[in-house]
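Not measured: the values here are computed from a predicted model. A, B, ... follow the sequence lines: proteins, then strands. Residue 1 opens every chain.
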Protein chains: 2
Amino acid sequence: MAEQGQYEELARQLSAIGAVKRDLARVLPHECPPGAAAVLVVLDRHGEMRIGRLAELLAIDMSVTSRHVAHVAERGWIDRSPAPEDRRSRILRLTPAGRELITELSDRYSRALADHLRDWSDDDVRQLSSLLARMRADFGDCRASTTRIPA
Amino acid sequence: MAEQGQYEELARQLSAIGAVKRDLARVLPHECPPGAAAVLVVLDRHGEMRIGRLAELLAIDMSVTSRHVAHVAERGWIDRSPAPEDRRSRILRLTPAGRELITELSDRYSRALADHLRDWSDDDVRQLSSLLARMRADFGDCRASTTRIPA
DNA sequence: TATTGTTATACTCTATAACTATA
DNA sequence: TATAGTTATAGAGTATAACAATA
């Protein structure tokens, strides 16, 4: 268990990280805002899935996910085929165009990071990724386990 | 220099960190949205300053900063006294009420983090803070040094 | 003429709630 | 009746550009 001062410092750093995210977002193509990019990244990473699962992985509400998905579907980057076992759902899958785009996005993100983090060792980058993943998991676990009592 | 795959992983983690920030934001009092809280945190951390300097430290545009500042000033958490040497500027300073609030905010942030990161050692927390600070600095340096060529 | 701030406008992201269709 | 997804609405954050006052 860390001291309060350490938590306050971490809170400050988390708040400030928005600037980095905004810088990164600037490398995205015009038609592909960060929310749309996130959808493509998750589909590329985890394969085809329904919207509910996507929302879970993105840790945002399904209503928001639905809009991002509509955006990328309208542009032909994913297709939505009927789910065989549940006609309420559709299966989301990257199209060839989507796969091309996600490759381009990965390149741009990587180039931007490599450019700014010139002095970072492979281990530095790995360590930061790993700590962020762990933090996210520790928050997510709690979200899942907390019994929500409706007002 | 790290490999491309490591940068892609970092990009994913950065994208996903929004969920943690939103969870943290939920502990804030109703009248104090995250942008307002950030203003108070910086003033508490760095002492009185003008808006321009505040915008720099927050790494957001001055126009945005101006609105956050108006919000906290309207609620009596800061005062704006005339800058003695430049009548275009005012000096922003926490009021006693603002100082009370920032103490409350720090407590809430710390409690939330301590609650979720129960298993983290002091060193884990310190290391994550330090890596985030370094990343922010490496991005910020570039922003400052890049010559912006207007289109 | 250049700089400090403010305001108007527009865009993106997000959540809540109401609604449709299917289980 | 419960669940998957969509849509409408509203709130928060941000940037750009036009504008005011002062340097």
For A:Arg88 and for A:Leu58, find the nucleotide of DNA chain C with the closest heavy atom, then tell me which residue's nucleotide is more 5'.
A:Leu58
Assuming nearest nucleotide by heavy-atom distance, tell me which of A:Asp86 and A:His30 is located more 5' along DNA chain C.
A:His30
Return no unless some side-chain N or O of [X] is found under 4.0 Å from OP1 or OP2 of [N].
X	N	value
B:Arg90	C:dT6	yes
A:His68	C:dT12	no
A:Ser89	D:dG5	yes
A:Arg87	C:dA21	no

Atom-pair distance ([atom1] on [X]; [atom2] on [N]), nearest Å:
X	N	atom1	atom2	value
B:His71	D:dG11	NE2	P	13 Å
B:Ile60	C:dG5	CD1	C1'	14 Å
B:Arg22	D:dG11	CZ	P	19 Å
B:Asp61	C:dT4	CG	P	13 Å
A:Glu56	D:dA4	CD	P	10 Å
B:Leu28	D:dG13	CG	P	10 Å
B:Glu85	C:dT3	CD	P	18 Å
A:Ile91	D:dA4	CD1	P	13 Å

Counting only side-chain heavy atoms from C-beta out, which of C:dG5, D:dG5, C:dT14 sits nearest to A:Ile51?
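Within the option list, the nearest is D:dG5.
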Which part of the nucleic acid, if any, lies within reach of B:Thr65 when heavy atoms closer than 4.0 Å are counted: base, sugar-phosphate only, or nothing?
nothing
Counting the atoms with a prime plus P, OP1 and OP2 as sugar-phosphate, which does B:Arg67 contact under 4.0 Å by heavy atoms, base, sugar-phosphate, or nothing?
base
For [X] and [Y], does a side-chain donor sit closer than 3.5 Å to a side-chain acceptor?
X	Y	answer
A:Ser110	A:Asp107	no
A:Asp61	A:Ser63	yes
B:Ser81	B:Arg90	no

Return yes if the base of C:dT16 and the side-chain atoms of A:Ser63 contain a donor-acceptor N/O pair under 3.5 Å, otherwise no.
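Check passes, donor-acceptor contact within cut-off.
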Sole candidate of A:Val42, A:Leu92, A:Leu58 that passes side chain to side chain contact (heavy atoms under 4.5 Å, CB included) when paired with A:Thr65:
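When A:Val42, A:Leu92, A:Leu58 are each tested with A:Thr65, the side chain to side chain contact (heavy atoms under 4.5 Å, CB included) holds only for A:Leu58.
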Basic-acidic side-chain contact under 4.0 Å: B:Asp115, B:Arg111
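Answer for the salt bridge query: no.
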